[in-house]
Q: 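Have a look at this one before I ask anything.
Given the structure is predicted, the values throughout are model-derived calculations rather than measurements.
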Amino acid sequence: MDLLVVIFGAALVVGAVGVLVWALTAERELDTAQTNLRRGGMLADSRQIALSASARSRILDPFFTSVGNRAKGFTSAGMGDRVQRKLDLAGLYEKGWTVERVLVIRFLSLAIGVVLIVLLLSGGTGRQSLGLAALIAALAYLGPEAWLDRKAGERQGLIEKQLPDVIDQLTVSVEAGLGFDAAMARSAEGRTGPLADELARVLQDLQVGVDRQVALDRMVERTDVPDLKAFVVAIRQSTRHGLPIARVLQIQSQELREKRRARVEEKAGQLPVKIVFPLVFCILPSLFVIILGPAGINIMDSF
């Protein structure tokens with residue numbers, strides 16, 4: 001009987017891990033309106049639009065929606081908004097990630113964790129087994145959210161790193177006679193990364209009639225990067241008071257470069273403190289063994 005339980009549990013874990021990996025690696029099309037705009041209206045009817053999506057997307061999307069809607073009944077009221085906010089910050093919503101998809105991944109992670117804990121505790125409830133079970137439970141529950149936080153932090157760091165160079169290019173383009181919108185388009189061309197994607201999205205909003213300041217405010221809300229927020233505030237003030245935008249861009253570029261230099265100096269100052277732990281626990285013991293080991297052996301042999 002125990003063997004059947006182990007085999008059944010292992011099969012559940014393998015199946016759940018397979019679905020989890022499939023869910024993590026699947027890419028879904030954007031919403032129908034954006035998809036049709038990108039295709040240029042080449043598809044005649046809804047059936048062609050539906051069939052033009054990938055087979056994986058046609059299979060996974062209904063699954064995510066069904067399981068995610070059921071999972072919402074077991075979550076708090078504000079969890080959906082919190083997950084949606086993290087998806088926006090991580091830039092995953094544009095890649096087809098939805099709240100339902102994250103809830104499905106969390107459900108699968110919890111299912112895998114429960115099965116592993118049951119299999120672990122079936123062999124005994126010792127202190128080591130209970131500690132490992134608690135670790136598995138924490139990873140299963142907090143893992144998906146921690147992954148989202150990490151992706152959001154990485155994206156914000158990239159935007160922060162790319163912003164001074166983009167503003168430099170904006171400054172050069174504006175001084176060459178381009179308008180601010182055309183300068184943004186020029187800066188987004190040929191660039192890859194989250195900031196270029198955000199500028200392209202701002203330009204798309206402008207093309208459909210959204211006010212420039214509203215589009216920039218939406219970009220700030222999607223990214224939540226303090227330097228980018230300060231840049232947008234400066235643009236708003238220059239537009240409101242009629243200041244030369246080229247001069248404002250020069251000042252912003254200089255300030256951002258000074259901030260980046262200060263961050264580099266701060267990280268360099270933290271290196272001596274961070275290197276203490278590997279030095280004490282990894283390098284010094286090895287040196288003691290190499291230097292004092294032969295002397296200790298000789299002393300022991302002399303007795």
Side-chain angles (χ1 to χ4, degrees), residues 30 34 82 84-95 148-271 274:
L30 298 175
Q34 292 187 8
R82 188 170 67 252
Q84 182 63 54
R85 175 63 175 164
K86 290 182 179 181
L87 287 175
D88 291 335
L89 292 178
L92 295 174
Y93 184 75
E94 290 79 9
K95 297 180 180 179
L148 273 179
D149 291 336
R150 184 178 64 84
K151 295 293 287 185
E154 289 178 354
R155 186 170 185 266
Q156 289 173 323
L158 284 174
I159 291 175
E160 195 175 71
K161 183 179 179 180
Q162 295 173 351
L163 187 58
D165 297 331
V166 171
I167 293 182
D168 281 343
Q169 189 168 357
L170 280 173
T171 304
V172 172
S173 300
V174 170
E175 289 178 345
L178 291 178
F180 184 73
D181 297 345
M184 276 198 301
R186 175 73 64 177
S187 301
E189 279 182 4
R191 286 184 177 271
T192 58
L195 185 55
D197 295 339
E198 289 296 336
L199 290 177
R201 190 166 176 181
V202 169
L203 292 172
Q204 288 178 356
D205 290 342
L206 295 176
Q207 288 174 358
V208 297
V210 179
D211 183 71
R212 180 205 294 169
Q213 194 56 53
V214 174
L216 291 175
D217 289 339
R218 289 178 180 176
M219 178 178 64
V220 171
E221 186 178 357
R222 289 191 303 268
T223 55
D224 195 22
V225 176
D227 290 345
L228 186 58
K229 182 178 181 180
F231 167 70
V232 172
V233 170
I235 295 299
R236 181 192 299 124
Q237 294 297 329
S238 67
T239 303
R240 180 179 300 174
H241 299 293
L243 301 175
I245 194 165
R247 178 58 181 164
V248 173
L249 290 173
Q250 289 176 355
I251 295 173
Q252 287 296 308
S253 176
Q254 183 178 358
E255 289 181 355
L256 288 176
R257 292 195 176 279
E258 291 176 356
K259 287 183 179 179
R260 187 163 67 177
R261 187 182 302 110
R263 293 192 191 100
V264 172
E265 292 175 353
E266 181 182 359
K267 290 182 179 180
Q270 293 174 353
L271 284 179
K274 292 181 178 179

Q: Please determine whether a side-chain nitrogen of the Lys or Arg among Arg257 and Asp165 lies less than 4.0 Å from a carboxylate oxygen of the Asp or Glu.
A: yes

Q: Among Glu221, Arg222, Gln156, find the residue that satisfies the side chain to side chain contact (heavy atoms under 4.5 Å, CB included) test when tested with Leu89.
A: Gln156

Q: Would Glu154 and Arg150 count as a salt bridge (Lys or Arg N to Asp or Glu O under 4.0 Å) here? Give the steps.
A: CA-CA 6 Å; Glu154 289 178 354; Arg150 184 178 64 84; 2.7 Å; yes

Q: Hey, mind stepping through Leu163 and Val225 against side chain to side chain contact (heavy atoms under 4.5 Å, CB included) and telling me if it holds?
A: CA-CA 10 Å; Leu163 187 58; Val225 176; 5.6 Å; no

Q: Any idea which heavy atoms bring Pro164 and Leu256 closest together, and the distance?
A: CG-CB, 4.0 Å

Q: Rounded at 0.5 Å granularity, tell me how far CD in Gln252 sits from NZ in Lys259.
A: 7.5 Å

Q: When you look at Asp217 and Gln213, which way does the side-chain hydrogen bond (donor to acceptor under 3.5 Å, both in side chains) test go after all the steps?
A: CA-CA 6 Å; Asp217 289 339; Gln213 194 56 53; 3.2 Å; yes

Q: Identify the two heavy atoms, one from Ser187 and one from Leu199, that lie closest to each other, and give their separation to 0.1 Å.
A: CB-CD1, 4.4 Å

Q: Minimum heavy-atom separation for Asp88 to Arg155, with atom names?
A: O-NH1, 3.6 Å

Q: Inspect the contact between Glu265 and Arg261 and indicate whether a charged nitrogen and a carboxylate oxygen are less than 4.0 angstrom apart.
A: no

Q: Of all the heavy-atom pairs spanning Val210 and Ala215, show the shortest one and how long it is.
A: CG1-N, 4.0 Å

Q: For the residue pair Val232 and Val220, what are the closest heavy atoms and their distance?
A: CG2-CG2, 3.4 Å

Q: When you compare the side chain of Val166 with that of Phe231, does any pair of heavy atoms fall below 4.5 Å?
A: no

Q: Using a 3.5 Å distance criterion without hydrogens, assess whether the side chain of Thr239 forms a donor-acceptor pair with backbone atoms of Ile235.
A: yes

Q: To the nearest 0.5 Å, how far apart are CD in Glu160 and CZ in Arg260?
A: 10.0 Å

Q: Step through the shown structure and confirm whether more than 12 heavy atoms of other residues, nucleotides or ligands are within 6.0 Å of CZ on Arg263.
A: yes

Q: Could you measure the distance from the NZ atom of Lys229 to the CG atom of Leu216? Nearest 0.5 Å is fine.
A: 14.0 Å

Q: Would you sort out whether Gln162 and Arg191 count as a side-chain hydrogen bond (donor to acceptor under 3.5 Å, both in side chains), showing the intermediate values?
A: CA-CA 10 Å; Gln162 295 173 351; Arg191 286 184 177 271; over 6 Å; no

Q: List in chain and number order the residues that pass side-chain contact (heavy atoms from CB on, under 4.5 Å) with Leu203, two or more places apart in sequence or in another chain; answer none if no residue qualifies.
A: Met184, Ala185, Leu206

Q: How far does CZ of Arg186 sit from CD of Gln169, to the nearest 0.5 angstrom?
A: 8.0 Å

Q: How long is the straight-line distance from CG of Asp205 back to CZ of Arg212, given to the nearest 0.5 Å?
A: 13.5 Å

Q: Of all the heavy-atom pairs spanning Ala200 and Ala188, show the shortest one and how long it is.
A: N-CB, 4.5 Å

Q: Which value, rounded to the nearest 0.5 Å, describes the distance between Asp211 atom CG and Arg218 atom CZ?
A: 10.0 Å

